[in-house]
Amino acid sequence: MSKNFYVTTPIYYPSAKPHMGHAYSSIVADFFARFKRNDGFSVQFLTGTDEHGLKIQRSAEKQGMEPKEFCNLISKTFKDLSKTLNLSNTDFIRTTEDRHIKSVQNLWSLLEANGQIYMSKYEGWYSVSDEAFYQEDEIETKDNKKYAISSGSPVEWVEEESFFFKLSEWEKPLLKFYEDNPKFILPESRRNEVISFVKGGLKDLSVSRKTFSWGIKIPSNDEHIIYVWLDALTNYISALNYPNTNDDLYKSFWPADIHIIGKDILRFHAVYWPAFLMAAKLQLPKRVYGHGWILSGDEKMSKSKGNILDPLEIIDVYGLDTLRYYLLKEVSFGNDGNISQDKLESCINSDLANNYGNLCQRVLAFCEKNCEFKIPTHNFTEDDLKILKPFEDIDKLRNLIDNQDINQYMSFIIDMLFASNKYFNDQEPWKKKNDKDRLNTIVYTALELIRKISILLNPVIPDTSLKVLNIFDISKDAFSLEQVKDHNFLKKDIVLKKLEILFKKIDK
RNA sequence: CGCGGGGUGGAGCAGCCUGGUAGCUCGCAAGGCUCAUAACCUUGAGGUCGGCGGUUCAAAUCCGUCCCCCGCAACCA
């Protein structure tokens with residue numbers, strides 16, 4: 001059985017600086033990558049930047065820079081973000097890299113050779129300021145001039161020579177593919193959306209532009225550059241050394257296990273991307289997960305509302321792990337979620353400080369005073385085995401993760417945290433000072449609980465969980481999900497290490 | 001008839017697909033414990049599950065209809 005796992009984030013369009021949405025996609029993808037790695041998988045985890053297109057070209061011009069120079073600059077802020085978020089990505093791709101350009105041109109030639117591309121004319125009402133084409137019914141006439149109804153901006157009739165991709169031919173095959181692979185698009189509500197979109201009919205897709213130059217040239221015609229989405233989507237295989245399909249990376253990791261994306265770019269990933277791949281006779285990714293948006297309070301974050309929460313600022317004030325924990329636990333994965341300082345603070349206080357942090361603290365302090373700060377002996381009773389039992393079924397957890405049920409996974413952990421605190425409370429080791437054997441066993445069990453929970457929390461809060469595992473002298477690559485099952489993992493007499501306060505409570 | 005998401009105790013959410021005692025976290029009240037970051041544990045108060053109608057022995061859950069909120073409307077996670 002192949003123990004390989006390939007997860008991707010979208011490649012980010014660096015026309016503006018990173019925001020919470022970027023952070024969210026990345027953190028979620030990182031969570032899956034880390035979980036799988038802890039479970040013994042060889043993991044390929046890709047993120048990067050999407051650097052072509054008119055917007056970039058213009059932003060660069062505004063700054064008086066060459067596009068490439070401009071991209072170097074902005075791409076770096078995204079690379080920095082992945083460090084700040086403690087992403088465990090194995091690669092960072094830029095669409096301006098040679099390996100990608102080569103890959104896209106190759107895919108293009110393949111599509112052309114397969115008769116999937118033809119030359120025609122793109123025509124329609126075009127708004128320069130919106131950078132968008134409008135249908136006849138989307139424009140209105142005022143004073144003999146045409147305007148887009150939605151934006152009110154003036155439109156002009158534009159005819160442009162363009163290459164088209166025969167997307168319409170793939171309508172039926174796509175529908176069949178969705179049918180045969182009911183979990184290709186998740187969550188289900190998004191899948192329904194896509195299916196009804198495709199059933200509504202697909203038109204051939206314009207896949208080249210000649211009005212601007214910042215992009216990848218079509219091998220057979222250097223007047224045209226390749227449509228940004230055909231360019232961008234290909235990154236997922238460029239990073240595996242496509243077009244060399246005999247390459248080890250490609251053979252091991254394609255098709256991808258999951259593309260993590262935001263719901264706004266679902267169509268490109270769930271319709272165009274599979275169509276391109278089918279047309280090129282390449283394998284399709286196994287899953288596309290379109291998550292929701294992170295709202296600020298109840299509103300969409302926007303500059304005009306001034307309610308933007310900058311991930312970097314939050315991390316600066318509250319720390320990274322708290323943000324990671326919040327986003328993974330508090331947001332119902334697949335739906336829109338929201339974040340506010342107030343909610344983040346209560347989450348830190350109740351879940352992280354009072355529940356997890358305090359559990360570690362009370363058990364260790366007790367162990368220090370009563371067991372010389374060493375792993376004590378143990379002799380389990382029914383009570384102990386009962387509290388440990390839920391950790392035996394890690395297949396259940398694997399299953400949750402394979403279905404991207406992050407929230408159930410988190411609630412298992414939280415249930416166990418409550419149960420552990422209750423266990424320590426109910427066993428009252430402080431009243432067992434004359435029964436050393438029992439006292440030791442209670443402490444041992446509590447330490448085991450902390451160890452198990454910390455391993456489960458590792459994909460969520462990697463730094464903090466490592467601090468805790470460290471007290472048992474368990475280091476970065478020295479633990480696995482499998483070890484969660486083992487109730488006798490901790491070896492007697494190992495001297496524990498001091499643990500600082502994990503999460504300070506925030507005064508509100 | 002544009003598309004989608006949502007309306008569940010004070011707040012935030014789960015449950016709805018596969019009908020059958022309404023669940024979780026926070027907050028609040030009372031009690032317990034004292035190992036711990038005034039943390040932890042127990043109990044309790046608080047909901048006619050947006051309105052109306054239907055199906056059913058039984059509906060938050062299925063069907064119909066209406067009201068309200070929020071996004072999106074092809075290149076912004």
Side-chain angles (χ1 to χ4, degrees), chain A residues 9-13 15-16 18-29 50 53-55 130-135 137-138 149-150 187-190 192-193 196-197 200 203 205-206 227-230 232 260-268 271-272 290-295 298-302 311 329-332 334-338 340 342-343 346-347 349-370 407-408 411 414-415 417-418 420-432 439 442-443 446 500-506:
Chain A
T9 73
I11 47 173
Y12 303 117
Y13 199 65
S15 63
H19 59 248
M20 193 57 81
H22 299 121
Y24 183 58
S25 288
S26 291
I27 287 170
V28 166
D50 173 16
L54 184 58
K55 264 189 197 162
D130 297 352
E131 284 181 34
F133 279 94
Y134 291 98
Q135 303 287 326
D137 60 349
E138 290 175 315
I149 294 171
S150 58
E188 213 177 298
S189 58
R190 300 260 146 61
N192 297 336
E193 244 174 87
S196 63
F197 171 74
K203 280 186 275 183
L205 186 68
S206 159
Y227 174 56
V228 286
W229 272 105
L230 177 50
I260 300 292
I261 58 164
K263 63 181 181 182
D264 53 319
I265 53 171
L266 183 61
R267 218 168 260 177
F268 306 104
V271 181
Y272 299 173
H291 68 238
W293 276 322
I294 307 304
L295 312 173
D298 275 334
E299 297 174 313
K300 188 174 179 179
M301 290 188 201
S302 72
K329 182 245 173 180
E330 212 67 27
V331 176
S332 168
N335 298 325
D336 289 353
N338 56 68
S340 66
D342 194 51
K343 287 177 161 182
S346 358
C347 176
N349 283 350
S350 40
D351 281 18
L352 294 173
N354 294 350
N355 211 346
Y356 181 54
N358 185 240
L359 174 70
C360 296
Q361 218 57 42
R362 71 192 299 201
V363 172
L364 283 176
F366 190 85
C367 176
E368 184 169 16
K369 285 175 194 159
N370 298 281
N407 301 97
Q408 286 275 61
S411 79
I414 292 164
D415 285 349
L417 280 170
F418 278 119
S420 302
N421 268 313
K422 179 172 164 53
Y423 166 83
F424 206 65
N425 231 72
D426 292 354
Q427 295 297 324
E428 301 181 309
W430 48 88
K431 287 185 182 166
K432 304 273 160 49
L439 181 147
I442 295 167
V443 173
E500 61 188 283
I501 297 285
L502 295 176
F503 301 97
K504 293 217 172 67
K505 286 197 72 169
I506 296 159

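In what follows, every chain begins at residue 1, and chains take the letters A, B, ... in the order their sequences are listed. Everything numeric here is computed off the predicted structure, so don't read it as measured data.
- When each of A:Glu188 and A:Ile11 is assigned the nucleotide of RNA chain B with its nearest heavy atom, A:Glu188 is the one assigned upstream, toward the 5' end.
- With sequence neighbours left out, A:Lys263 forms a salt bridge (Lys or Arg N to Asp or Glu O under 4.0 Å) with A:Asp336.
- Using a 4.0 Å heavy-atom criterion, one finds that A:Gly262 contacts the sugar-phosphate atoms exclusively.
- In this model, the phosphate group of B:C13 is approached by a side-chain N or O of A:Asn338 to a distance below 4.0 Å at OP1 or OP2.
- In this structure A:Glu368 satisfies the salt bridge (Lys or Arg N to Asp or Glu O under 4.0 Å) test together with A:Lys498, sequence neighbours excluded.
- Scanning RNA chain B for stems, defined as runs of 3 or more consecutive Watson-Crick or G-U wobble pairs whose donor-acceptor distances all fall under 3.5 Å, gives the following ranges: B:2-7 with B:67-72, B:10-13 with B:23-26, B:28-32 with B:40-44, B:50-54 with B:62-66.
- In this structure, A:His291 places its NE2 atom 17 Å from P of B:G5, rounding to the nearest Å.
- When the side-chain hydrogen bond (donor to acceptor under 3.5 Å, both in side chains) test is applied to A:Glu428, the partners found at least two apart in sequence or on another chain are A:Lys431.
- To the nearest whole angstrom, the two P atoms, one in B:C57 and one in B:G12, are 38 Å apart.
- For the C1' atoms, the distance linking B:C66 with B:G47 amounts to 23 Å, nearest Å.
- No engagement by A:Pro429 is indicated, since no non-hydrogen atom pair under 4.0 Å with the nucleic acid exists.
- Rounding to whole angstrom units, CD1 of residue A:Ile265 and P of B:A73 are separated by 14 Å.
- Using a 4.0 Å cut-off, no side-chain N or O of A:Ser346 falls inside it from OP1 or OP2 of B:G12.
- Separation of the P atoms belonging to B:C69 and B:U8 is 15 Å when rounded to the nearest angstrom.
- As rounded to the nearest Å, B:G9 and B:G50 have C1' atoms that lie 15 Å from one another.
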What protein N or O atoms touch nucleotides 9-11 of chain B N or O atoms at under 3.5 angstrom, if any, and at what distances?
none

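- With sequence neighbours excluded, no residue satisfies side-chain hydrogen bond (donor to acceptor under 3.5 Å, both in side chains) with A:Asp264.
- Computed from coordinates, the A:Asp264 CG to B:C70 C1' distance equals 16 Å when rounded to whole Å.
- Note: A:Trp229 and A:Phe268 have parallel aromatic rings, judged against thresholds of 30 and 60 degrees for the angle between ring planes.
- B:C33 and B:A22: their P atoms are spaced 34 Å apart (whole Å).
- If you check the side chains of A:Asn421 and A:Asn355, you find a donor sitting under 3.5 Å from an acceptor.
- Of the candidate nucleotides B:U25, B:C75, B:C41, B:C41 has the atom nearest to the side chain of A:Lys422.
- In this structure, A:Asn349 places its CG atom 10 Å from P of B:C40, rounding to the nearest Å.
- Nucleotides B:C72 and B:G64 have their C1' atoms positioned 27 Å apart, rounded to a whole Å.
- With sequence neighbours excluded, no residue satisfies side-chain hydrogen bond (donor to acceptor under 3.5 Å, both in side chains) with A:Ser411.
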Could you go through the side-chain contact (heavy atoms from CB on, under 4.5 Å) check for A:Ile442 and A:Tyr423 one step at a time?
CA-CA 9 Å; A:Ile442 295 167; A:Tyr423 166 83; 4.1 Å; yes
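- Within the structure, salt bridge (Lys or Arg N to Asp or Glu O under 4.0 Å) contacts touching residues 349-364 of chain A (residues at least two apart or in different chains) are A:Lys329-A:Asp351.
- B:G44 sits 36 Å from B:G5 when the C1' atoms are compared, rounded to a whole Å.
- The CZ atom of A:Arg267 sits 14 Å away from the P atom of B:A77 (whole-angstrom rounding).
- Regarding contacts with the backbone of B:C76, a side-chain N or O of A:Lys55 is found under 4.0 angstrom from either OP1 or OP2.
- A:Asp426 pairs by the salt bridge (Lys or Arg N to Asp or Glu O under 4.0 Å) definition with A:Lys422, not counting sequence neighbours.
- With sequence neighbours left out, the side-chain hydrogen bond (donor to acceptor under 3.5 Å, both in side chains) criterion links A:Tyr12 to A:Ser26.
- In this structure, A:Ser332 contributes its side chain and A:Asn335 its backbone to no donor-acceptor pair below 3.5 Å.
- Between B:C17 and B:A45, the two P atoms lie 29 Å apart (nearest whole Å).
- At B:A77, none of the side-chain N or O atoms of A:Lys263 fall inside 4.0 Å of OP1 or OP2 (strictly under the cut-off).
- For A:His19, whose side chain is taken as the heavy atoms from C-beta onward, the closest listed nucleotide among B:A77, B:A14, B:U25 is B:A77.
- Not a single donor-acceptor pair under 3.5 Å links the side chain of A:Asn370 to the backbone N or O of A:Leu439.
- Protein atom CG of A:Leu417 is 12 Å distant from nucleotide atom P of B:C26, rounded to whole Å.
- For A:Lys504, there are no salt bridge (Lys or Arg N to Asp or Glu O under 4.0 Å) partners two or more places apart in sequence or in a different chain.
- Taking the nucleotide of RNA chain B with the nearest heavy atom to each of A:Tyr12 and A:Glu330, the more 5' of the two is matched to A:Glu330.
- Using a 4.0 Å heavy-atom distance criterion, A:Asn407 is classed as making no nucleic acid contact.
- When rounded to the nearest whole Å, the span between CG of A:Asp336 and P of B:A77 equals 14 Å.
- Between A:Tyr13 atom OH and B:A74 atom P the separation is 17 Å, expressed in whole Å.
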Within the 4.0 Å limit for protein heavy atoms, which parts of nucleotides 32-37 of chain B are touched? Write it as a string from 5' to 3', B for base, S for sugar-phosphate only, - for none.
BSSBBB
